[in-house]
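One-based numbering along the sequence shown. Please read all numbers here as calculations on a predicted model, not as lab measurements. Both ligands and their constituent atoms are indexed starting at 1 by order of listing.
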Amino acid sequence: MRVVLGVSGGIAAYKAALVLRLLTEAGHEVTVVPTAAALRFVGAPTWEALSGRPVTSEVWDEVPSVNHVRLGQEADLVLVAPATADLLARAAHGLANDLLTNTLLTARCPVVLAPAMHTEMWTHAATVANVALLRERGVTVIDPASGRLTGKDSGPGRLPEPEEIVAAALAAAGGSDDAVGSGAQGRLTGRHVVITAGGTREPLDPVRFLGNRSSGKQGYAVAAAAAERGARVTLISANVALPRPPGCEVVEVGSALELQEAVHDALAEGQHPVDVVVMTAAVADFRPAHYTESKIKKTHGEGDESAPVVELVRNPDILAGLVRERGSQDSPYIVGFAAETGDDTGDVLHHARAKLKRKGCDLLVANEVGADKTFGQDTSTVHLLRPGSEDVVTIGPAGKDVIAAGLWDAVAPALPDRA
Ligand code: CTP
């Protein structure tokens with residue numbers, strides 16, 4: 001694959017040397033296009049030696065080959081790492097004042113930007129708007145990692161690890177590296193996928209509910225990755241406070257029963273049969289037996305310490321129900337998630353294997369959860385388990401977008417050809 005690796009002027013430019021290494025070692029032909037500011041951090045000889053190609057920042061070099069247009073036109077992937085706030089702004093507004101921004105304007109291939117900057121710059125309204133605009137246009141903008149920044153401060157804004165950047169970039173280009181799967185088979189063009197995300201809320205009264213810690217980040221990353229790979233995506237979203245992933249049809253739900261109805265509605269929609277259902281949502285197993293129409297009051301007298309008892313009833317197991325109800329040949333491929341903590345009776349994998357048997361789905365994605373693990377975090381580790389196979393594919397610790405790419409790399413080749 002012909003890759004243009006853009007490098008803009010931030011301290012994380014040194015990490016792009018590792019990105020370049022990973023890409024060339026995987027057999028890709030990489031042309032590095034640093035900005036003038038990037039060359040103040042890492043000089044041209046480093047890029048030329050590692051890529052084996054000449055390097056320039058300006059549109060005035062190699063003029064006879066019309067370099068400023070040719071590089072973008074011929075590329076199969078343009079990756080910019082690190083992408084500074086300035087580069088994001090120039091890309092969002094279509095400026096073309098150096099070779100990298102010319103290349104971004106002429107590229108018709110997947111474009112992936114890996115931002116890195118201080119937290120204040122990343123969260124500034126201007127950057128937030130620029131990122132939203134770029135994503136709307138189909139550019140993949142990888143969320144930065146959280147952690148130590150250049151000075152003493154820390155927070156979101158760190159460049160993700162080079163392996164994660166390469167995996168996300170190759171996934172966006174429709175391929176992937178060996179760590180997460182098998183090339184162009186990962187495409188989902190023409191497929192309809194239904195993804196549930198977030199955590200259900202089971203209402204007690206108009207102001208209270210029983211809920212859980214799920215942020216929806218993993219489900220949203222799975223949805224975004226499916227859309228990038230060409231799928232039609234129905235994202236059933238339960239109580240998620242995240243920007244909508246581009247290219248997905250979002251159905252908002254609250255409780256487990258509403259989520260079940262939305263899944264059934266999507267499956268019943270005859271026009272475009274569903275190929276895959278991914279049950280990422282944390283669905284409450286129980287709901288209050290009675291919903292009180294008005295706010296529940298403390299009716300006990302002064303000094304009475306007794307508390308009301310909330311009676312619960314079982315919610316349907318939506319995933320197990322989907323498996324039970326399928327029969328015909330064109331029934332969807334079903335992916336379950338297992339949130340496990342491990343306990344005295346067994347570790348995460350032990351419980352995941354038991355759950356795979358119980359649920360009967362085609363693939364189970366098991367991850368370790370806890371107060372400080374997975375829920376709301378940007379990275380996690382997951383294990384992919386299939387029925388009848390002892391093999392376990394482990395992905396991570398990695399960003400949720402890398403996990404999403406690995407999931408689709410596992411699922412896409414397993415889908416039957418459409419008649
Ligand atoms: N799930 C579901 N309906 C439920 C509960 C869970 O469809 N009522 C789905 C989840 O979306 C997930 C999978 O089942 O894909 C496993 O969820 P998890 O909470 O880990 O499992 P439980 O079935 O709740 O099992 P347990 O609480 O015993 O671990």
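- Of the N or O atoms in Asp285, one or more lie within a sub-3.5 Å distance of an N or O in ligand 1.
- Considering only non-hydrogen atoms, atom 9 (C) of ligand 1 lies nearest to Leu319 out of Ile318, Leu319, Thr280.
- Looking at Asp409 and Arg229, a side-chain N of the basic residue comes within less than 4.0 Å of a carboxylate O on the acidic one, giving a salt bridge.
- You'll find the side chain of His264 reaches within 4.5 Å of the side chain of Glu325, heavy atoms only.
- Not a single N or O atom of Thr196, backbone or side chain, sits closer than 3.5 Å to an N or O atom of ligand 1.
- In summary, the side chains of Thr31 and Glu29 do not present any donor paired with an acceptor at a separation below 3.5 Å, with no hydrogens or angles considered.
- For the ligand labelled ligand 1, residue Gly321 lies outside the 4.0 Å heavy-atom shell.
- For the atom pair Ile334 CD1 and Ile318 CD1, the distance stands at 12.5 Å (nearest 0.5 Å).
- Nearest heavy-atom pair, Ala91 versus Leu104, reported as atom, atom and distance to 0.1 Å: CB-CD1, 4.0 Å.
- At distances below 3.5 Å, not a single donor-acceptor pair connects side-chain atoms of Arg135 with backbone N or O atoms of Thr140.
- Asn130 and His93 are linked by a side-chain donor-acceptor pair at a separation below 3.5 angstrom, with hydrogens and angles left out of the test.
- Proximity to Pro316 (heavy-atom distance under 4.0 Å) selects the following atoms of ligand 1: 3 (N), 4 (C), 8 (N).
- Using 4.0 Å as the threshold, Ala256 has no heavy atom nearer than that to any atom of ligand 1.
- Here the protein heavy atom with the shortest distance to atom 17 (O) of ligand 1 is Phe337 O, 3.5 Å.
- Near Ala338, the atoms of ligand 1 lying under 4.0 angstrom from a non-hydrogen atom of the residue are 20 (O).
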Exercise for review: Step by step, work out the side-chain hydrogen bond (donor to acceptor under 3.5 Å, both in side chains) result for Asp343 and His351.
Suggested key: CA-CA 9 Å; Asp343 57 23; His351 285 296; 2.9 Å; yes

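- Considering Gln260, Lys359, Arg358, His351 only, the shortest heavy-atom separation from atom 28 (O) of ligand 1 involves Arg358.
- The shortest N/O to N/O separation between Ala281 and ligand 1 falls below 3.5 Å.
- Each of the atoms 15 (O) of ligand 1 lies under 4.0 Å from some heavy atom of Gly336.
- Considering backbone and side-chain N/O atoms, Ala339 comes within less than 3.5 Å of an N/O atom of ligand 1.
- Distances between N or O atoms of Ala282 and those of ligand 1 include no value under 3.5 Å.
- In this structure, Met279 and Val365 have side chains that are not in contact, with every pair of non-hydrogen atoms separated by 4.5 Å or more.
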